Amino acid sequence: MMKNKVKELRARFGYSQETLGKEAGATRQTIAAIEKGDYVPSLLLALNICRAFSLPMEEVFWLEEEKK
Amino acid sequence: MSLKRKACFHLALYGLACWTLISFMEAAPRIAQFFQTEGSGSFELNITPFLLFTVCTALYIYTEKKKRNGKKHRLVPDEFEEQDERERMMTAKACRSSYIAVYFSLPAAAVLLLFYPLIQPHLPFFPILLIFILMMIQHLAYVFTFHKHGKNSGS
């Protein structure tokens, strides 16, 4: 299961969902879906989000074992 | 315009288009007779559905044009809202379920058409009705799936 801290980073960097969406090339709704964990972004979008925060991938997205 | 409102508009347009065609079909033999007798005699044609259809289409085009601002191609259906990868994914899933709906309903419609000679005296416009029902099934399958995935992915 893919986890992320987009919401936390967005708050730290003072970005709105709209701004981050524009930076990463996605809509506000998509950013909201990623934050809630309802949507797993493509590699390209994930890299664009990381670039918007100037952070490496592993600090924004990571994999977590699913509970059985 | 929201997806729900757009879907309602489309269904209303389908209904009105169906009504227009049915009224034309009912008048067609008399219209043919009118032209065969070189204009002598008369025919009756209910133009109410046609007028309603024209008004609704004009209203729809006006509201959509304001939103679109001429950016999109007119031949692409309005339901295709693909601003990013998530919306493209939603469209793909909606198209898939729409295809499956048509895949099953089209043969069912073909079977129903076998009974047309029996139905014809009571419902002469049965084939028109069937085509519009198919269109509605396809549209509803698309809209419901798009809405479901939209809700599940946070929009």
Side-chain angles (χ1 to χ4, degrees), chain A, chain B residues 1-11 60-101 139-155:
Chain A
M1 193 182 180
M2 193 159 131
K3 294 272 180 184
N4 70 76
K5 50 178 176 182
V6 173
K7 193 173 184 176
E8 189 190 318
L9 289 167
R10 197 170 53 73
R12 199 200 299 169
F13 283 77
Y15 285 152
S16 65
Q17 287 180 338
E18 189 96 45
T19 321
L20 180 61
K22 269 184 192 160
E23 287 269 329
T27 56
R28 181 192 62 74
Q29 288 90 340
T30 299
I31 300 298
I34 293 169
E35 285 179 1
K36 284 202 309 188
D38 290 335
Y39 177 66
V40 177
S42 69
L43 180 60
L44 182 68
L45 180 57
L47 284 169
N48 280 336
I49 291 170
C50 294
R51 190 169 60 184
F53 294 131
S54 307
L55 286 170
M57 185 70 117
E58 61 272 21
E59 286 188 35
V60 187
F61 298 96
W62 67 94
L63 282 173
E64 214 171 78
E65 287 290 314
E66 272 186 78
K67 285 170 196 167
K68 284 176 189 172
Chain B
M1 204 187 293
S2 74
L3 187 72
K4 268 186 199 167
R5 196 177 292 178
K6 216 184 269 184
C8 290
F9 236 119
H10 278 129
L11 291 179
Y60 180 74
I61 290 172
Y62 174 72
T63 47
E64 270 301 289
K65 206 177 169 186
K66 265 206 304 197
K67 187 189 148 197
R68 282 183 169 210
N69 219 3
K71 279 180 192 165
K72 274 192 199 166
H73 203 281
R74 284 235 62 91
L75 290 175
V76 176
D78 301 330
E79 296 85 11
F80 287 12
E81 290 183 13
E82 301 175 300
Q83 293 176 62
D84 67 1
E85 59 173 51
R86 190 183 118 273
E87 287 180 356
R88 272 194 293 277
M89 182 269 295
M90 283 158 62
T91 305
K93 283 185 176 168
C95 284
R96 182 182 182 272
S97 65
S98 182
Y99 176 84
I100 292 169
H139 192 75
L140 287 174
Y142 180 91
V143 170
F144 281 130
T145 316
F146 193 90
H147 184 66
K148 192 180 97 186
H149 286 287
K151 247 186 1 196
N152 291 347
S153 61
S155 72

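Note that the structure is predicted; figures quoted are calculated from it, not measured. Reminder, nothing fancy here: chain letters follow the sequence lines and each chain counts from 1.
With sequence neighbours excluded, the residues satisfying side chain to side chain donor-acceptor pair (under 3.5 Å) with B:Thr145 are B:Ser97. By the salt bridge (charged side-chain N to carboxylate O under 4.0 Å, His left out) test, B:Glu87 pairs with no residue at all, sequence neighbours left out. With sequence neighbours left out, A:Arg28 forms a salt bridge (charged side-chain N to carboxylate O under 4.0 Å, His left out) with no residue at all.
Between A:Glu35 atom CD and A:Glu8 atom CD the span is 11.0 Å, to the nearest 0.5 Å.
Here the closest non-hydrogen pair linking A:Phe61 and A:Ile34 is CE2-CG2, 4.2 Å.
Along residues 41-56 of chain A, the residues that come nearer than 4.5 angstrom to chain B, judged on non-hydrogen atoms, are A:Pro41, A:Ser42, A:Leu45 in order of number.
Judged purely by distance below 3.5 Å, without hydrogens or angles, the side chains of A:Gln29 and A:Tyr39 never pair a donor atom with an acceptor atom.
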